2 protein chains.
Amino acid sequence: MGIETEMKIKEAAKKVFRSKGFAATRTRDIAEEAQINLALLNYYFKSKQQLFNIIMMEDLEDIFQVIISNANDKSLSLREKLFSLAEKYADVIAEKPELPNFILSEVHGNHEFLLDHFGIKESLSKSDMMAQFFGLGFSQEEIANIVVNLLGYIIFPYISRPMYTVIFNMDEDAFSRFINNRRKQIPEWIDSLLQKK
Amino acid sequence: MGIETEMKIKEAAKKVFRSKGFAATRTRDIAEEAQINLALLNYYFKSKQQLFNIIMMEDLEDIFQVIISNANDKSLSLREKLFSLAEKYADVIAEKPELPNFILSEVHGNHEFLLDHFGIKESLSKSDMMAQFFGLGFSQEEIANIVVNLLGYIIFPYISRPMYTVIFNMDEDAFSRFINNRRKQIPEWIDSLLQKK
DNA sequence: ATACAATTTAAACAAATGATTAAGTCATAT
DNA sequence: ATATGACTTAATCATTTGTTTAAATTGTAT
């Protein structure tokens with residue numbers, strides 16, 4: 001059945017693209033991973049580039065959706081929003097650990113992917129979270145610092161994993177424990193960032 | 001003169017590899033950037049891969065050298081060491097802003113590059129800094145968290161730059177100002193991390 | 001000046017790779 | 001049962017790309 005094949009290809013492409021990146025991925029890699037004939041890739045998706053674009057868009061959507069929906073949850077205080085954002089983000093990434101490296105590597109120099117396909121800028125600048133930030137007297141720059149640090153707490157360990165797993169001699173399990181223990185610390189660090197006001 | 005040509009190629013390769021990564025870089029790109037005949041690349045450096053390895057090793061050396069030399073400067077307290085590390089690191093990266101993305105992307109899945117070519121693990125575990133950490137009662141895991149956060153404060157903004165320059169609408173100048181202002185904040189954040197003890 | 005080695009060039013090669021083609025196969029509606 | 005269209009396959013194409021080759025040029029020691 002066609003739709004199943006299409007999904008098989010997309011799932012395989014996700015796996016291969018995320019692990020090797022666009023340039024290093026050969027369409028034959030994807031075909032083999034999906035156990036389909038090479039020509040099917042071009043039958044269902046016009047080209048390697050188109051297939052890649054679809055996957056990148058979906059991954060970006062996953063990432064941005066967490067931020068936007070959280071930033072507009074009016075039932076939460078600013079502090080609660082940030083805590084919740086950290087937890088949801090950590091969940092998403094724990095589930096797909098290759099996502100940060102993949103997105104950040106591929107987007108580097110390809111800003112087109114970000115150009116308001118999601119209206120992220122508007123959604124966010126008009127969000128409840130921003131209003132709360134400004135209401136508490138934070139400047140645009142202070143907000144940027146807090147957001148960058150918050151996301152860094154969660155994402156950076158994954159990105160830099162090879163470096164410090166060598167430095168600190170961590171195996172797979174040790175890394176998991178490290179990440180899980182870190183999650184408990186993040187709220188403290190967020191509070192430190194908010195403390196000034 | 002041979003040595004000049006060799007340097008021209010290496011500099012061009014650095015530029016192109018850092019901006020596009022190994023897989024997306026064509027040897028012809030490098031030749032054009034260096035304004036040399038394509039065959040010279042293979043004459044001076046056996047292959048694309050060898051040229052890449054040399055550059056990667058040099059870049060890693062630059063990165064690790066800062067950490068190791070700082071960690072063994074016995075004239076500094078732990079707090080001073082971390083402050084100094086942050087400053088030196090920020091300097092290195094401000095000078096070569098593509099370095100973080102390049103190294104982290106390429107090392108991802110290629111752990112071989114890190115495998116004790118530098119003895120980084122030993123140098124660091126026996127360093128004065130580690131002794132100071134342990135002397136103050138920090139656990140291995142607490143140390144890892146501090147180091148990861150410290151490096152993240154400096155590196156993560158560069159890596160995630162495309163994401164939040166879109167979100168926060170930053171141009172080139174705004175980004176520079178942001179980075180420079182951040183540098184002044186980092187000592188405070190480091191103190192927060194150390195505060196527990 | 002001459003010979004010899006180092007350097008540089010233009011051209012070509014071989015393999016890899018994204019994409020297409022044309023001939024099948026299968027499911028489904030009539 | 002058959003025709004139609006969706007799906008699948010094997011084979012092939014055209015281009016890109018890393019590398020090599022052989023000839024030409026340049027520099028240098030004698």
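This one's a predicted model, so the numbers in the text were calculated from it and none came from an experiment. Every heavy atom of this structure was used, including side-chain atoms; hydrogens, water molecules and symmetry mates were not. All chains are named by letter (A, B, ...) in the order of the sequence lines, taking the proteins before the strands, and each is independently numbered beginning at 1.
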(request) Give the B/S/- string for nucleotides 10-23 of chain C, one per nucleotide from 5' to 3', where a protein heavy atom under 4.0 Å of the base yields B, of only the sugar-phosphate yields S, and otherwise -. (result) B-B----BBBBB--
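Separating the CD1 atom of B:Ile30 from the P atom of D:dG18 is a distance of 8 Å, rounded to the nearest angstrom. Distance, B:Tyr44 OH to D:dT20 C1': 17 Å, rounded to whole Å. Atom CZ in B:Phe45 sits roughly 18 Å away from atom C1' in D:dT20 (whole-Å rounding). Regarding A:Glu6, its CD atom lies at a distance of 15 Å from the C1' atom of D:dT8, rounded to whole Å. For A:Ile36 and D:dA10, the CD1 to P distance is 12 Å, given to the nearest whole Å. Rounding to whole angstrom units, CD1 of residue A:Ile3 and C1' of C:dA27 are separated by 16 Å. Atoms CD (A:Gln35) and P (D:dT8) sit 14 Å apart, rounded to a whole Å. Look at CD on B:Glu4: it is 14 Å from C1' on D:dT26, rounded to the nearest Å.
Take B:Asn110 and apply the side-chain hydrogen bond (donor to acceptor under 3.5 Å, both in side chains) test, not counting sequence neighbours, and it matches no residue. B:Glu98 meets the salt bridge (charged side-chain N to carboxylate O under 4.0 Å, His left out) test with no other residue; sequence neighbours excluded.
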List the atom pairs, with distances to 0.1 Å, where a side-chain N or O of residues 147-162 of chain B and a protein N or O form a donor-acceptor pair under 3.5 Å, not counting sequence neighbours.
residue	atom	partner	partner atom	Å
B:Asn149	OD1	A:Arg182	NH1	3.0
B:Asn149	OD1	A:Arg182	NH2	2.7
B:Tyr153	OH	A:Tyr153	OH	2.7
B:Ser160	OG	B:Phe156	O	2.8

Donor-acceptor contacts under 3.5 Å from residues 30-43 of chain B side chains, at least two apart:
residue	atom	partner	partner atom	Å
B:Glu33	OE2	B:Lys15	NZ	3.2
B:Asn37	OD1	B:Ala39	N	2.9
B:Asn42	ND2	B:Lys46	O	3.3

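With no hydrogens or angles considered, no side-chain donor-acceptor pair links B:Gln185 and A:Asn145 at under 3.5 Å.
Dashed line: the shortest gap from a side-chain N or O of B:Thr5 to OP1 or OP2 of C:dT7 is not under 4.0 Å.
The ring pair (Phe, Tyr, Trp, His ring centres under 6.0 Å) analysis of residues 65-86 of chain B, with sequence neighbours excluded, yields no pairs.
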